[in-house]
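To start, the structure under review is shown below, and the notes come after it.
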Protein chains: 2
Amino acid sequence: MMNTKSDRHRAIRQIIAAGQIFNQNELKETLESQGFATTQATLSRDLMALKVIKVPHAEKGYIYTLSENYQSTAPQVEGSSPLQTCRSIAFSGNLAVFKCLPSFAPSVALVLDAVGMPEIIGTIAGDDTILIILKEGLSHERFRTALVDRFPELRDRI
Amino acid sequence: MMNTKSDRHRAIRQIIAAGQIFNQNELKETLESQGFATTQATLSRDLMALKVIKVPHAEKGYIYTLSENYQSTAPQVEGSSPLQTCRSIAFSGNLAVFKCLPSFAPSVALVLDAVGMPEIIGTIAGDDTILIILKEGLSHERFRTALVDRFPELRDRI
DNA sequence: TCATAAAACGTATAATTATACTTAAAAAAC
DNA sequence: GTTTTTTAAGTATAATTATACGTTTTATGA
């Protein structure tokens, strides 16, 4: 068998990368001109498997793109927690000041941002200190509790 | 007059950012629960205008995402103003927290400082977050209006 | 003001994409 | 080698999204 699924996938990637495909029928016709006979349903599955996405296009509405040409900016949280570098917390009004080991503040702040705690409006990290802007009306004790709930490794640290 | 379309766009951005919208009817219902009455056709237009995209999702096939959460790795000429990297604003007391794309906070803060808004006492920039200390007694809504007046590209974003 | 142009948007429907169901082929297990 | 399981893929159709068209609203200009 000449035209296997993976051959077709490779061809699809090339065609999409060339950047002129606006719908699955166009892709189907282009594939046929290269000797791949297939159907729209199969292409729908192929595009899903290849994680091809449609992005807005000035003239034609949307255009297909390899999602690798796009890179998620959302941080990933895994492995051992940078939260373990935290040393103390202090409060002033609706601000919390979080102390970490030197150089760890940015990565701790990234984790805090990533989990999206509703109690936190935003964070700003220096080298070993993070400024946390709290939601209005939130008590210091409630925030401390919420933090420990979310990050048990902070118990006895803050 | 309340700018309905602009309000709706801002609401859509928030809802999509929360990350649980899989099709336009779900978005329609969520908007309705927030008091926005609209139709699927209008949402289709809105999503195009806001450059919202659908990306593959493990369980449900595809999910809507703000395209800013994806960053093209290809060199591209975007708009000139760093303000266009801004994604949201939130308030707590006399502080405003401004979220930008990663790494853009310093340049956005520079612009804010450069224009010398009398409403702003000072700014502190991290990587993707700016802390803005507001003049005492300034309401959140007045500041939001002042910002959009000064930077029209922020409309529908904050 | 009034007239006119432009923008917003709903309805109905077209266009596009996803999927339930089925069949066939390939792989794995026996 | 036969049976069972898994994978691939076509057909038909469901689900979803985009848009032509008409109407209303809002902005613009005289």
Side-chain angles (χ1 to χ4, degrees), chain A residues 1-13 15-16 18-67 70, chain B residues 1-13 15-16 19-67 69-70 145 148-149 152-153 155-157:
Chain A
M1 171 66 94
M2 199 64 172
N3 294 336
T4 66
K5 182 176 168 184
S6 71
D7 287 339
R8 191 182 61 239
H9 278 192
R10 197 172 323 131
I12 289 172
R13 293 176 52 81
I15 292 167
I16 299 287
Q20 294 298 338
I21 300 297
F22 297 93
N23 61 52
Q24 296 177 8
N25 269 337
E26 281 185 24
L27 178 57
K28 178 170 183 283
E29 283 163 19
T30 304
L31 280 169
E32 277 164 0
S33 77
Q34 297 185 12
F36 293 92
T38 186
T39 63
Q40 176 267 323
T42 294
L43 294 183
S44 174
R45 297 177 184 118
D46 286 348
L47 294 177
M48 168 96 80
L50 294 171
K51 294 201 190 309
V52 169
I53 61 181
K54 271 184 126 165
V55 302
H57 181 268
E59 290 132 34
K60 312 247 301 188
Y62 287 86
I63 187 171
Y64 280 112
T65 306
L66 298 181
S67 63
Y70 273 56
Chain B
M1 179 209 88
M2 184 93 332
N3 193 339
T4 306
K5 183 178 171 186
S6 180
D7 290 340
R8 191 182 63 239
H9 279 191
R10 196 184 314 146
I12 289 172
R13 293 175 52 83
I15 293 167
I16 299 287
Q20 292 297 116
I21 300 296
F22 298 92
N23 60 52
Q24 295 176 8
N25 269 337
E26 281 185 24
L27 178 57
K28 178 170 182 285
E29 283 162 20
T30 304
L31 280 169
E32 275 164 3
S33 77
Q34 297 186 10
F36 293 92
T38 187
T39 62
Q40 176 268 322
T42 293
L43 294 183
S44 174
R45 296 176 185 121
D46 286 348
L47 294 177
M48 168 95 82
L50 294 171
K51 296 200 188 309
V52 169
I53 61 180
K54 270 186 128 164
V55 303
H57 180 267
E59 291 133 34
K60 313 249 299 190
Y62 286 87
I63 187 171
Y64 278 112
T65 307
L66 298 181
S67 62
N69 286 346
Y70 273 57
T145 303
V148 174
D149 281 353
E153 62 267 39
R155 185 177 306 281
D156 297 337
R157 302 178 83 81

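Naming convention: chains lettered A, B, ... in sequence-line order (proteins, then strands); numbering from 1 in each chain. Side-chain atoms are counted along with the backbone in the values below, which use heavy atoms only and exclude waters and symmetry mates. Treat the numbers as computed from the prediction; the structure is a model and nothing was measured.
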Just how far, in rounded Å, is [atom2] of [N] from [atom1] of [X]?
| X | N | atom1 | atom2 | value |
| --- | --- | --- | --- | --- |
| D46(B) | dA8(C) | CG | P | 10 Å |
| E32(B) | dG10(C) | CD | C1' | 14 Å |
| L27(A) | dA18(C) | CG | P | 12 Å |
| F36(B) | dC9(C) | CZ | P | 11 Å |
| L43(B) | dT17(D) | CG | P | 10 Å |

Indicate whether OP1 or OP2 belonging to [N] is found under 4.0 Å from a side-chain N or O atom of [X].
| X | N | result |
| --- | --- | --- |
| Q24(A) | dA15(C) | no |
| Y64(B) | dT16(D) | no |
| Y62(B) | dT19(C) | no |

I want to verify a distance call: between dT17(D), dT16(C), dA8(C), whose nearest atom is closest to the K54(A) side chain?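 Taking heavy atoms from C-beta onward, the closest nucleotide is dT16(C).
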
Given dT17(C), dA8(C), dT17(D), the nucleotide with the shortest approach to the side chain of K5(B):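 Given the options dT17(C), dA8(C), dT17(D), the side chain of K5(B) is closest to dA8(C).
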
Going by side chain to side chain contact (heavy atoms under 4.5 Å, CB included), name the residues that satisfy it together with Y62(B), two or more places apart in sequence or in a different chain.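 Counting only residues at least two positions away or on another chain, Y62(B) forms a side chain to side chain contact (heavy atoms under 4.5 Å, CB included) with M48(A), K54(B), P56(B).
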
CZ on R13(B) to CZ on R8(B), rounded to 0.5 Å: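 Reported value, rounded in 0.5 Å steps: 14.0 Å.
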
Test of understanding: with salt bridge (charged side-chain N to carboxylate O under 4.0 Å, His left out), list the residues that count as partners of E32(A), not counting sequence neighbours.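 E32(A) satisfies salt bridge (charged side-chain N to carboxylate O under 4.0 Å, His left out) with K28(A) once adjacent residues are dropped.
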
For R10(A), give me all partners under salt bridge (charged side-chain N to carboxylate O under 4.0 Å, His left out), at least two apart in sequence or on another chain.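 Expected list: D7(A).
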
Nucleotides 10-13 of chain D: which of its N/O atoms have a protein N/O under 3.5 Å away?
unit_1: dG10(D); atom_1: OP2; unit_2: T39(A); atom_2: OG1; d: 2.9
unit_1: dG10(D); atom_1: OP2; unit_2: T42(A); atom_2: OG1; d: 2.6
unit_1: dG10(D); atom_1: N7; unit_2: R45(A); atom_2: NH1; d: 3.4
unit_1: dG10(D); atom_1: O6; unit_2: R45(A); atom_2: NH2; d: 2.6

Across the strands shown, which category fits K28(B) at heavy-atom distances under 4.0 angstrom: base, sugar-phosphate, nothing?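 Answer is nothing: K28(B) stays at 4.0 Å or more from every strand.
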
Angle between the end axes of the helix from dT1(C)-dA30(D) to dC30(C)-dG1(D), five pairs per end, to the nearest 10 degrees?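 Taking five pairs per end, the axes differ by 40°.
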
Please identify each residue that fulfils side-chain hydrogen bond (donor to acceptor under 3.5 Å, both in side chains) with T30(B), with sequence neighbours left out.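 Once residues adjacent in sequence are excluded, T30(B) has no partner under the side-chain hydrogen bond (donor to acceptor under 3.5 Å, both in side chains) criterion.
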
Option passing side chain to side chain contact (heavy atoms under 4.5 Å, CB included) with L27(A) (candidates L43(A), V52(A), D46(A)):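 In the set L43(A), V52(A), D46(A), the residue that makes a side chain to side chain contact (heavy atoms under 4.5 Å, CB included) with L27(A) is L43(A).
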
